Asks: 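Sharing a structure with you now.
What's counted below: heavy atoms across the whole structure, side chains too, no hydrogens, waters or symmetry copies. Numbers restart at 1 for each chain; the letters A, B, ... are given by sequence-line order, proteins then strands. Values in this document were obtained by computation on a predicted structure and should not be read as measured data.
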There are 2 protein chains.
Amino acid sequence: MRERIVGRLARGDQRLTSSREALVAVLAVSDRPLTIPEIGAADGGLAVSSIYRNLTMLEEVGVVHRVVTASGDFAHYELTEDLTEHHHHHLVCSGCGSVEDFEASSQLEDSVRDAARRIARRSGFRIDRHLIDLIGLCPNCA
Amino acid sequence: MRERIVGRLARGDQRLTSSREALVAVLAVSDRPLTIPEIGAADGGLAVSSIYRNLTMLEEVGVVHRVVTASGDFAHYELTEDLTEHHHHHLVCSGCGSVEDFEASSQLEDSVRDAARRIARRSGFRIDRHLIDLIGLCPNCA
DNA sequence: CAGAGGATGATAGTCATTCTCAAAACTCTG
DNA sequence: CAGAGTTTTGAGAATGACTATCATCCTCTG
């Protein structure tokens with residue numbers, strides 16, 4: 001995976017510095033998208049401004065993905081699906097804003113792909129990603 | 001519909017003032033979620049602070065729904081689905097951030113409901129809403 | 001009509017995120 | 001290894017969407 005990340009960075013004329021590697025390492029270990037404060041806490045040595053700058057850049061070259069929830073305080077970040085090779089969706093708590101991952105049935109995925117194709121044809125949009133959120137209350141908030 | 005809105009406001013000890021009615025009227029006419037600047041432009045007489053305050057309140061009593069997109073500048077607002085009686089999802093342009101509505105096939109809806117039930121049982125979340133976004137480039141941005 | 005309670009709108013504040021810029025770290029050549 | 005050139009870093013300032021404040025205005029009830 002490291003190699004693929006280096007490749008994507010290179011395509012954008014960027015290098016894998018130690019801060020960037022630390023960022024990616026934190027995200028790789030987590031099984032859910034993390035907020036900036038969470039990332040900062042997980043690796044104490046990173047400056048907030050550098051975390052923001054590097055996450056933005058890593059998103060541009062397709063290493064990282066930004067997840068925005070309706071309870072709009074902090075954005076969450078995760079590695080992109082084609083790096084983790086783990087297509088998944090999100091379970092969002094409308095109480096505390098936390099985000100969990102879940103995997104959809106292949107039947108559901110087929111239905112979405114089908115819908116996307118049909119909508120693309122009708123609307124003229126070029127669709128390249130879909131997103132399914134289940135929204136409710138986590139055990140803690142319920 | 002006006003009556004149902006008045007009822008929901010009353011449940012939260014709120015009245016349907018003329019500004020609030022104007023807000024709802026703007027949203028009712030649109031076939032897609034609108035940003036605050038768009039709402040302000042559609043009805044020139046509304047103060048920005050009042051638009052924000054009333055939209056927040058209307059969301060609390062379940063009249064209006066806030067839509068947040070990843071291209072995170074402005075939030076978009078629409079009437080809730082149980083008022084319009086029109087269950088729909090969103091087609092989001094990652095270029096300009098615009099949002100269109102689309103309706104999903106009943107097969108897709110069934111699959112999502114099914115997944116939600118299964119996930120709820122396994123995770124302990126109480127799921128009460130789902131959200132499907134198709135993300136890509138609109139004809140203008142492509 | 002008086003007066004109380006809520007609604008409005010201009011303005012000031014908040015806070016996640018982005019920008020700035022000087023200092024530090026890396027890269028490359030000789 | 002020295003040193004010039006370039007990139008990255010980090011602390012703090014700036015931005016901008018959104019929220020709070022508060023004096024004024026409306027809208028009811030009596």
Asks: At under 4.0 Å, does any side-chain N or O of B/Q14 touch on OP1 or OP2 of C/dA7?
Replies: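 Result: yes.
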Asks: Both B/G45 and B/R15 contact DNA chain C. Which one's nearest nucleotide lies toward the 5' end?
Replies: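 Result of the comparison: B/R15.
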Asks: Can you list, by residue number, the residues of residues 55-65 of chain A that have a non-hydrogen atom closer than 4.0 angstrom to DNA chain C?
Replies: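 A/T56, in order of number.
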Asks: Treating A/E81 as the side-chain partner and A/H88 as the backbone partner, does any N or O pair qualify as donor plus acceptor under 3.5 Å?
Replies: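 Here the side-chain-to-backbone pair exists.
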Asks: Can you say whether a donor on the side chain of B/T17 sits under 3.5 Å from an acceptor on the base of C/dA7, or the other way round?
Replies: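 No, no donor-acceptor pair under 3.5 Å.
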Asks: Please check the phosphate of C/dT17 (OP1 and OP2 only) for any side-chain N or O of A/Y52 closer than 4.0 Å.
Replies: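 For C/dT17, OP1 or OP2 has a side-chain N or O of A/Y52 closer than 4.0 Å.
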Asks: Output the rounded distance in Å from CG (B/L16) to P (C/dT8).
Replies: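 To the nearest whole Å, that distance equals 10 Å.
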Asks: Return the nearest nucleotide to the side chain of A/S50; candidates are C/dT18, D/dT9, D/dT19.
Replies: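 Among the listed nucleotides, the one closest to the side chain of A/S50 is D/dT9.
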Asks: Any chance you could lay out the side-chain contact (heavy atoms from CB on, under 4.5 Å) test for B/L108 and A/V112, step after step, and finish with the verdict?
Replies: CA-CA 7 Å; B/L108 175 50; A/V112 177; 3.6 Å; yes
Asks: Among the nucleotides C/dT17, C/dA10, C/dA7, which one has an atom lying closest to any side-chain atom of B/S49?
Replies: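 It is C/dA10.
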Asks: A/D43 CG to D/dT9 P: how many Å, rounded?
Replies: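 My rounded result for the distance is 12 Å.
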Asks: Please tell me if the side chains of A/H90 and A/D101 come closer than 4.5 Å, counting only heavy atoms from C-beta onward.
Replies: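 In contact.
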Asks: Between C1' on C/dT18 and CZ on A/R66, what's the gap in Å once rounded to a whole number?
Replies: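 Nearest whole value for this atom pair: 10 Å.
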Asks: Does any N or O in the side chain of B/R4 come within less than 3.5 Å of the main-chain N or O of B/D82, such that one atom is a donor and the other an acceptor?
Replies: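 Answer holds: yes.
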Asks: Using whole Å, report how far CG of A/N54 lies from P of D/dT8.
Replies: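 Computing the A/N54:CG to D/dT8:P distance gives 9 Å.
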Asks: Rounded to the nearest angstrom, tell me the gap between atom CD1 in B/I36 and atom P in C/dG9.
Replies: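 Nearest whole value for this atom pair: 15 Å.
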Asks: Quick one: label B/R53 by what it contacts on the DNA or RNA (base, sugar-phosphate, nothing), any heavy atom closer than 4.0 Å.
Replies: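 Answer is base: heavy atoms of B/R53 come under 4.0 Å of a base.
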Asks: With a cut-off of 3.5 Å and sequence neighbours excluded, list every side-chain donor-acceptor pair involving residues 124-133 of chain A.
Replies:
{"unit_1": "A/R126", "atom_1": "NH1", "unit_2": "A/D128", "atom_2": "OD2", "d": "3.3"}
{"unit_1": "A/R129", "atom_1": "NH1", "unit_2": "A/H65", "atom_2": "NE2", "d": "3.3"}
{"unit_1": "A/H130", "atom_1": "NE2", "unit_2": "A/H87", "atom_2": "NE2", "d": "3.3"}
{"unit_1": "A/H130", "atom_1": "NE2", "unit_2": "A/E109", "atom_2": "OE1", "d": "3.1"}

Asks: A side-chain contact here means heavy atoms from C-beta on lying under 4.5 Å apart; do B/V63 and B/R20 qualify?
Replies: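 In short, these two side chains do not touch, never coming nearer than 4.5 Å.
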Asks: Calculate the interatomic distance between A/D73 atom CG and C/dT14 atom C1'; express it in whole Å.
Replies: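 My rounded result for the distance is 14 Å.
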Asks: What's the CD1-P distance between B/I51 and C/dT11, to the nearest Å?
Replies: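 About 16 Å, once rounded to whole Å.
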Asks: Answer yes or no: is there a side-chain heavy-atom contact under 4.5 Å between B/S19 and B/N54?
Replies: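 Answer yes - side chains close enough.
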Asks: Output the rounded distance in Å from CG (A/L46) to C1' (C/dA25).
Replies: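 Answer to the nearest Å: 16 Å.
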Asks: Between B/R20 and B/V48, who's closer to the 5' end of DNA chain C by nearest nucleotide?
Replies: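 The residue whose closest nucleotide sits nearer the 5' end is B/R20.
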